[in-house]
Protein chains: 2
Amino acid sequence: MQEEAQGSSMEPVTLRKVAAAAGVSVATASKALNGRGRMTPETRKLIRETADRMGFRPNALAQSLLRKRSFTVGLLTNDTYGRFSLPLMAGISEALVDKGVSVFLCNVEDDPRLAQLHVNAMRDKRVDGIIATGKRIDRRLPIDLSGLGIPVVYAFTEPDPASIAFVADEAGGVRLAIEHFASLGRRRIAHVSGPASFAVVHLRAQAYRETLERLQLAAFEPLLGTWSEAWGHEAVRRLFEGTQKPPDAIFCGNDQIARGVIDALRERSVAVPDEIGVIGFDNWEIMAAQSRPPLTSVDMNLTAIGREAGLALLTLVDGQKAETGIRRLPCRLVVRESCGQTTVKTIEVQSTSG
Amino acid sequence: MQEEAQGSSMEPVTLRKVAAAAGVSVATASKALNGRGRMTPETRKLIRETADRMGFRPNALAQSLLRKRSFTVGLLTNDTYGRFSLPLMAGISEALVDKGVSVFLCNVEDDPRLAQLHVNAMRDKRVDGIIATGKRIDRRLPIDLSGLGIPVVYAFTEPDPASIAFVADEAGGVRLAIEHFASLGRRRIAHVSGPASFAVVHLRAQAYRETLERLQLAAFEPLLGTWSEAWGHEAVRRLFEGTQKPPDAIFCGNDQIARGVIDALRERSVAVPDEIGVIGFDNWEIMAAQSRPPLTSVDMNLTAIGREAGLALLTLVDGQKAETGIRRLPCRLVVRESCGQTTVKTIEVQSTSG
DNA sequence: TTGAAAGCGCTACCAA
DNA sequence: TTGGTAGCGCTTTCAA
């Protein structure tokens, strides 16, 4: 038996029909269902019940036209396959869904034409606001979002001047990691990170130096390479085959590097965590939890960043003013087994804001 | 200097204003801009230029109200952080953006309440259709989408009966892998896969057996475990410490298992690919490309599945009928270095449909 | 060739 | 307490 699928379209239930069925005017029906105006409780009850029985759902298109508010926002990103934008989206969605706000997902790659296409579609559909996110905090989306006449909030991407932006407090995250090492008695802490072309590499290296200085510990020269396991391997070779005494702790710029570091250490029969501790960055669950031993890692709380961005956008949409600037939200340290702890726990600090 | 961000809202440019500025009626302006009706080329040109100059963009809300078509679809998923839904979304978006259709992203976890909330919001906003996706082809979303009066297409999730669904041709993918092994002279091909609770595990094991039989090769008993690197390790131990002669090829149920297998083989000093070949499943770039050696893997072409699902939904929205049933789209084999090839290439087969 | 008028589904104002 | 009416921004007859 071969059936046919179709958009079976029974006539929609309009307010007019509900009103007719309940024997009242559309105006009264509207007020009854929106909880406005005055009327006898019986009338209101009758109308409500009629609407429920008929399965009435108000047409948001008509409401939006009138209210000049579509309860819709656009999420612009260039992080197609990324592990950064997904937790971000989860947070955004979480903050908005309960307020009846839906999210248009717009992936623009790095294509200005595609970006313009999406932004046009969003404007036409009268989104209440836009959240811009990306995969790097030091790269702009391929389109200018200022002067659109729509509130815009940036999260985890390079913002326009005089806008509101949310990012992770990277320096705070680094401090958590280094202080964790120090509290466990590690004294020779190295830093293996990504390419110099990334702003976060400098941010983290700087925080690494400052924290060590504050703790009166000697710093290694940060080793910069790529965001790969292969580079983690190579870095270990350099640290252990050089002339200086090897470290007893390695703070890595991301979890992949850390993974490579751990593998390389095992191949050299250097015991993790007994002889050396390792901490990663990103807390990418699937990477961190499956390394041997499981990796302690700094988590940027991207979901929280998304949530804050969503809420901030709503206040702007509400017409309230908000201070511009970059807000840095605290990271947390997810402790697994690569530093000598065995119980999984989390360490947080207050945001240092900015 | 502390500035204030706001939703700066200059009065929007309406068709009425464009018409006034051009000295014509709204009706004429509408027709001019939509390329309908008849009028002198000069009038049309004048109106178009005026609209452009004023930055006019039609209010899609008003258009939708009238046309009963919102140029908006909903994407329902329970794969929050997943690597499956993302490529799928990319394909969907790709198929729709050029037709001016925007996508509401709705993550429903496995929460029926959340799912209902999102579906209600989508209905209210009069989406033209819904695409349902998930992280497993043998699990339903926590909500019934039939009888909504809206076209629904399923992609990579358990569909309703009498609906249209798209999935990967898993059996075809398995055949690609096994035949690749065979063509390289491998004769003792083992299969290490995930938990028996997954339908794909049985699908793939079955295809594994059938393909070996067709090639007149002996099959190993498929080893079922978890989708983890740790299980890949353990499986290698079993294959090499048992009484039977070890395999010269291992076909893995996903890339993580394959990764664990490769690592375990290295620890045993069994050379990949010289002594044994390894193929994974999913072609999860970040996992497959970074293993040592880089992993040959079956790619389910999720983006293509997403694209097809998007196009299918559009035809339904158009009011055209379409055959119901499950469509299986072909996989491809991405050849890296874990089987003895050194150049990266791709092998495809025609869909076996169904 | 052009435009007046009706109406999509709803809310809001004001009069009854 | 209730309902008639106007109108959100647009498209579409239909008449001029």
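Residue numbers start from 1 in every chain, and the chains themselves are labelled A, B, ... in the order their sequence lines are given, proteins ahead of strands.
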Practice prompt. Spell out protein contact along nucleotides 7-16 of chain C as letters: B when the base is contacted, S when just the sugar-phosphate is, - when no protein heavy atom is under 4.0 Å; keep the 5' to 3' order.
Written response: BBBBBBB---

Item to complete: Compute the bend angle of the helix from C:dT1-D:dA16 to C:dA16-D:dT1 from the end axes (five pairs per end), rounded to 10°.
Response: 50°

Fill in: Point-to-point distance, once rounded to the nearest 0.5 Å, from CG of A:Leu141 to CG of A:Asp111
12.0 Å

Worksheet item: Within the side chain of B:Thr315, is there an N or O that forms a donor-acceptor pair under 3.5 Å with the backbone of B:Ala312?
Response: yes

Worksheet entry | Stepwise ring pair (Phe, Tyr, Trp, His ring centres under 6.0 Å) test for A:Phe166 and A:Phe156 | CA-CA 6 Å; A:Phe166 294 85; A:Phe156 208 76; over 10 Å; no

Fill in: Contact boundaries on DNA chain D for chain B, cut-off under 4.0 Å to non-hydrogen atoms
D:dC8 to D:dT12

Fill in: Any donor-acceptor N/O pair, A:Asn78 side chain to A:Val108 backbone, under 3.5 Å
no

Worksheet item: Between A:Lys45 and A:Asp52, is there a salt bridge with N-O shorter than 4.0 Å?
Response: no

Worksheet item: So how far is it from B:Gln116 CD to B:Asp144 CG, rounded to the nearest 0.5 Å?
Response: 9.5 Å

Item to complete: Could you check if a side-chain atom of B:Leu145 sits within less than 4.5 angstrom of a side-chain atom of B:Leu76, using non-hydrogen atoms only?
Response: yes

Worksheet item: Rounded to the nearest 0.5 Å, what separation is found between the CG atom of A:Leu65 and the CG atom of B:Leu65?
Response: 6.5 Å

Worksheet entry | Spacing of A:Asn107 atom CG and B:Met89 atom CE [to the nearest 0.5 Å] | 10.5 Å

Discussion item. Checking A:Thr72 against A:Lys125: is there a side-chain donor and acceptor pair closer than 3.5 Å?
Written reply: no

Worksheet item: Heavy atoms under 4.0 Å, any strand shown: does A:Ser64 hit a base, just sugar-phosphate, or nothing?
Response: nothing

